[in-house]
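Notes follow the structure.
Below, read A as the first sequence line, B as the second, and so on, with proteins coming before strands; counting in each chain starts at 1.
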Amino acid sequence: MDRYEPLKIEQKWQKIWEKEESFKASEEEGRPKMMLAEMFPYPSGAGLHVGHVRNFTIVDVLTRFYRQQRLNVLRPFGYDTFGLPAENYAIKTGTAPQEVTKENIANFRKQAKKLGYAIDWSREINTSDPEYYKWTQWCFLQLYKKGLAYQKESYQWWCPEDQTVLANEQVENGKCWRCGHEVEKKKMKQWFFKITEYADELLDEIDNLEWPEKIKTMQKNWIGRSVGSEIEFKLTGTNSITVFTTRPDTILGATFIVVAPEYAGLEYIVAEDCRDEVMKYKAEALKKSEIERQENKEKTGVFTGAYAVNPATKEKIPIWVADYVLVGYGTGAIMAVPAYDERDREFAEKFDLPVVEAELIDRDLYGTPKVMYKMRDWLISRQRYWGCPIPIAYDKEGNPHPIPEDQLPVMLPEIKDYEPDASGRSALAKAKDWLKVEIDGEEMTRETDTLDGYACSSWYLWRYASPHDTKAAWDAEAIKYWEPVDYYCGADHAVAHLLYIRFWCKFFADMGYLPFREPIKRLLYNGYINAPDGKKMSKSKGNVIDPLDVINDGYGADTLRTYEMFIGPYDLDAAWDTRSVGGVYRFLNRCYNLLEGKQSDSVPSGDGSLRPVVTGEAPSFSVVTSESPREEAIGLLQTRHKTIKKVTEDIHRYSFNTAVAALMEYVNELYKSGAEKEDLIVLAKLLKPFAPHLASEMLERLDSDDEWPKWDEKYLVADTVELVVQVNGKLRAKFEVSVDDLEDEDKIVKMVLDDKKVQKYTESGVKKTIFVKKAKLVNIVV
RNA sequence: GCCCGAAUGGCGGAAUUGGUAUACGCGAGCGACUUAAAAUCGCUUCCCGACAGGGGUAUGGGUUCAAGUCCCAUUUCGGGCACCA
C-alpha cells in the first residue's frame, strides 16, 4: 500500500503529456471549438508568483473542463518580453536583454510545466522574437497607411527616471506606472495611434460584451464621451477663440473666457502690458508637476489683457489664463459660466469676476454640435532600446517614410551601451551603422524610438492561431476557426491593453483582415492573492510566497492549484493561508486513499450493491454493514449525481471554490458510506480540472477515460423529501413527506396543522397558510 | 468630490430565482490508534440558556406570509476616476 506522493505522480504525468504532446490543438471541422488564454506574462527574473498560478489555473480548469467534454480546445501560451525591467537589468549588469529574456523564458516555461497546465506548447510566442515583431511592425505600417499612425508635436508625459515619454494610460496619479517617479510635461514630436477614430464604436459595443461590469464601467469612463457644442468667440481684431461646452444653453451667463497655459494661440492673444506676467504664469504652470496640480486645487490664473465678445450678449468679456483648464481636452479654452459651473464660480469669486444668473436658451443658437472624448490618442513611441523598432526612416528634409514591407523586420541591433539619456532619443541613436538605410535609392536615417510594449500585445491573441506563419501576421482560415477568444483571463490592464486590443480588432476588421469586431467574448478578471498578513506581497516586505516552494515542500502542484481555486471567489482578492493549503492537501490525500482502498478490495459487486472500501493508511475506516444495501446504493447514486451536477454547474458559473467544496463533501460522503468503483471514476473525472496529475493517476488505475460525466435527474429525485414548517417565518418543525404528497397542498397543510408540535405554536388561531412546493415549505401565519 | 464593489462565527468563506443562515476548509476542543509523537480516523464547535426557549448576517428604518438576499438612510473598508468645461 503506497502513500500519496504528489511529486512522483506529477513528474510521471508531466513526462507523459510532454512526450505525447497531449494538448496540441488543430483545426477540426465538426467539433465545437473553444479557445482560452490568460494575459500572457512578462517573464521576470523572479519566476512565477502565486498570482500567475491563480490566473493560469483558472484558464486551465476551464481548458480541461471543456477538453473532458470533448470540445476542440486551444489553450496557447506566450511571453510579453519587451520592456523596461530587462533593459534596466542590462544597464546594471551589462547582460544583453536578449540573453536575460531567453533565460527568463526558459525558467517560466519550466515552472509552468511543473504546474501541469494543458498548454499547446507548439504555439509558444515571444514578442521580442524577430519572427514575431516583424509582424508587429507590419501592423504598424497598416495603421500608418491609413493615417492612424501619425506624428504630432505637443506636450507629453515624460518620465525623467526612465527617460522616456509615456501614454496617458501609463501615468497613475501623476506618476510613472513602471518606476513611480513623478512625470513631467515635455514638448516633443511623438508617434500616436489614432484610437479616438474608434471612440464611438469602442464605447457603444461595451454593453454587448460578456465582461465584468467593473471593467466595462472603467472603459466607459475612460473614453468619456460628452455631447456639447463648439462656440466661436470673436476677439478685438481678427483673432477668435473657439471653446467647447456641454452647456451651450448657459451662454448668456458666460462672463469670461479661460484658456489653458499651453493654449497654442496664447502669445497672439495676450496684450503687451500683460505679456510678462502671462508668460511667467505659463512657465510656472509647465514646471508644476502633475502631483502638485492635482493636490493643490486652489484656483490660480492671470488676466491676459485681451477681451472677446460673447456672441449671445454682445458684451465684451475678459480672457484669462488658468491651469484649471486643460490643453488636451476640447479646444483648450472654455467659456466660464460661474452661475452654473462650480469651478468657474470658484475662479470668479477669487478674482472678483462677474457672476450673472442668466436664463437658459436654445442649445443650438450660437454653436455647432460637437462630441468630445476624454480619451486621447495613444502615444506609442518610447525613447528606450528594448522594444520593437518603429519601421520608419527619415529623408534629409526630415520627412518620415515607411520601411517597405519586404524589408521587415527592422532588426533591433545588439549594442553595448543601453543607457538612455535626456536627449529625447533612445540608445539606438548610438548605433551608427544601423541608423543608415537606403529606400528607393535614397539614403535615410532610421527612427530611433521603439514601440510601446502595449503595441506588441495588441495582436498576439491572433498570432496564436498560426504562430509560425511566415507569410502573414495571422492566417485567415485559422483565425476564422479559433477566434474570437472564448475566455480571456487576467488581473490587470482594465483600460490600457483591453482597450487597445479592441481598437486594433476594429481596425483590422475594417481592413478585411479579421472576421469579427470584438476580440474577446468573455473576460474573467481575477483578484490578487495577498500575503498572509493581508498586505500586498513584495520582496521588500519579505512576505512573498513562492509557488515553487509550495510544490517542492511536498504539497505538489495539484495541491497548489486546487488550493488557489478553493481560496475564495475567483474575482475577489484573497489572503494566502498556509494552514489551509494543508487542508487541501489532506483532501487530495483522502482521494488517493480512497483509490488505494478500492484497489485493495476491488471485488466487483456484480449486483450493484455497495462494496466497502478500506484504506491502507486508515484502518479505522467505517465499513458499510447496511441491512438493506439497495437503499444505500440508491443514496450513494443520488450523492454521485448530485455532485456531478453541482461541480458542472459551478464551473459553468466560475464558482471554483464551491466546486472544490462539493468534491470535498463527496469524498466525506464516500468515507462514511463506502464507494463503488464508479464513484471513484466520477470523483477522478470531476477532480481532473483542478488536480490533473492525481486524477490522471486515479483514472489510469481505475482503467477509465476522462470524459466528463453527466448527471441524470432521475437519480436526484428521492421518494421522500424534508418538509419545512415555519410559524410566522420561524422554523418550527420538519417532516418527512412523500414526493406524491407534496403535490397535494390540502393534504400537506392538514397534516401540518394536525401535528401536536406545530399546534403548540398555533394556539392563538391560524390566520393563513402559505405552501411553497418548490421550497418544500409551509409557513403558518398566526 | 464623483462612479463602482463589499461588510455573514475565532478565521477564509457558503447560501445560484426572496423560502431551513453559517455548506466546505482552517483553527480550537474531545476521543480512537500508538510505548510516545507525527500522520490518519471519528465526534463537537454562532451566541445566551441546565432545559424549555430566545437572540443572531455592519447600523437604523421599510416592503413581504417570509429578507443575508429587495427598497431608503447611515457607518466602515476596498477599487476606479479625479478641475474633462
Looking at every strand, decide which applies to [X] at a 4.0 Å heavy-atom threshold: base, sugar-phosphate, or nothing.
X      : result
A:D344 : nothing
A:Q726 : base
A:V781 : sugar-phosphate
A:S226 : sugar-phosphate

In whole angstrom, give the distance that lies between atom NZ of A:K768 and atom C1' of B:rU64.
-> 9 Å
Would a 4.5 Å heavy-atom cut-off, applied to side chains only, mark A:M565 and A:V61 as touching?
->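 Yes, side chains in contact.
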Heavy-atom distance under 4.5 Å between the side chains of A:V766 and A:T769, does that happen here?
->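 Side chain of A:V766 against side chain of A:T769, heavy atoms only: contact under 4.5 Å found.
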Any donor and acceptor pair, going by atom type alone, linking the side chain of A:R561 with main-chain N or O of A:F690 inside 3.5 Å?
->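 Judged by distance alone, yes, a pair lies under 3.5 Å.
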Is there a donor in the side chain of A:Y454 and an acceptor in the side chain of A:H493, or the other way round, less than 3.5 Å apart?
->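 On atom types as modelled, these side chains qualify, holding a pair under 3.5 Å.
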Using the [atom1] atom on both, measure [N] against [M] and round to a whole Å.
N      : M      : atom1 : value
B:rA58 : B:rG13 : P     : 14 Å
B:rA15 : B:rA23 : P     : 12 Å
B:rU69 : B:rG79 : P     : 26 Å
B:rC2  : B:rA28 : P     : 46 Å
B:rU76 : B:rG29 : P     : 38 Å
B:rG78 : B:rC33 : C1'   : 48 Å
B:rC72 : B:rC83 : C1'   : 32 Å

Could you tell me which residues satisfy side-chain contact (heavy atoms from CB on, under 4.5 Å) with [X], sequence neighbours excluded, listed by chain and number?
X      : answer
A:D344 : A:Y324, A:I334, A:A336, A:P338, A:D341
A:E669 : A:T639
A:D377 : A:Y150, A:F192, A:K194, A:I195, A:T196
A:A260 : A:E262, A:V325, A:V327

Please pick, from [options], the nucleotide with the shortest atom-to-atom distance to any side-chain atom of [X].
X      : options                : result
A:S580 : B:rG25, B:rG19, B:rA85 : B:rG25
A:D650 : B:rC65, B:rU16, B:rC24 : B:rU16
A:N779 : B:rC65, B:rA23, B:rG42 : B:rC65
A:Y329 : B:rC83, B:rG53, B:rA85 : B:rA85

Does A:K646 come within less than 4.0 Å of A:E665, counting only side-chain N to carboxylate O?
-> no
Answer yes or no: is there an ion pair linking A:K299 with A:E346, defined by an N-O contact shorter than 4.0 Å?
->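 Salt bridge present between A:K299 and A:E346.
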Kindly indicate whether a cation-pi arrangement holds for A:R54 with A:Y570, taking the cut-offs as under 6.0 Å to the six-membered ring centre and within 45° of the axis.
->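 No, a cation-pi geometry is absent between A:R54 and A:Y570.
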For B:rG54, take OP1 and OP2 only and decide whether either is under 4.0 Å from a side-chain N or O of A:R732.
-> yes
Would you mind calling B:rG31 syn or anti? Take O4'-C1'-N9-C4 for purines or O4'-C1'-N1-C2 for pyrimidines, and syn is within 90° of 0.
-> anti
Classify the side chain of A:E722 and the base of B:rU20 as holding, or not holding, a donor-acceptor pair under 3.5 Å.
-> yes
Do A:K299 side-chain and B:rC83 base share a donor-acceptor contact under 3.5 Å?
->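 Flag set: donor-acceptor pair detected.
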Taking the nucleotide of RNA chain B with the closest heavy atom to each, which residue, A:A662 or A:K730, is nearer the 5' end?
->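 Residue closer to the 5' terminus by nearest nucleotide: A:A662.
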Map A:K776 and A:M664 onto RNA chain B by nearest heavy atom, then report which one ends up closer to the 5' terminus.
->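 In this pair, the answer is A:K776.
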Can you name the salt bridge (charged side-chain N to carboxylate O under 4.0 Å, His left out) partners of [X], sequence neighbours left out?
X      : value
A:K645 : A:E713
A:D741 : A:K747
A:R579 : none
A:K750 : A:D754

Sort me out a list of protein N/O and nucleotides 36-38 of chain B N/O pairs below 3.5 Å, or just none if empty.
none

Short N/O separations, protein against nucleotides 43-46 of chain B, under 3.5 angstrom:
none

Using a 3.5 Å limit on both pairing distances, list the dot-bracket string of RNA chain B from the 5' end; Watson-Crick and G-U wobble pairs count, crossing pairs take [ ], interstrand pairs take |.
-> (((((((..(((......[....)))((((((.......))))))(((....)))..(((((..]....))))))))))))....
Detail all sub-3.5 Å separations between protein N/O atoms and N/O atoms belonging to nucleotides 2-13 of chain B.
| residue | atom | partner | partner atom | Å |
| --- | --- | --- | --- | --- |
| B:rG12 | O2' | A:I567 | O | 3.2 |

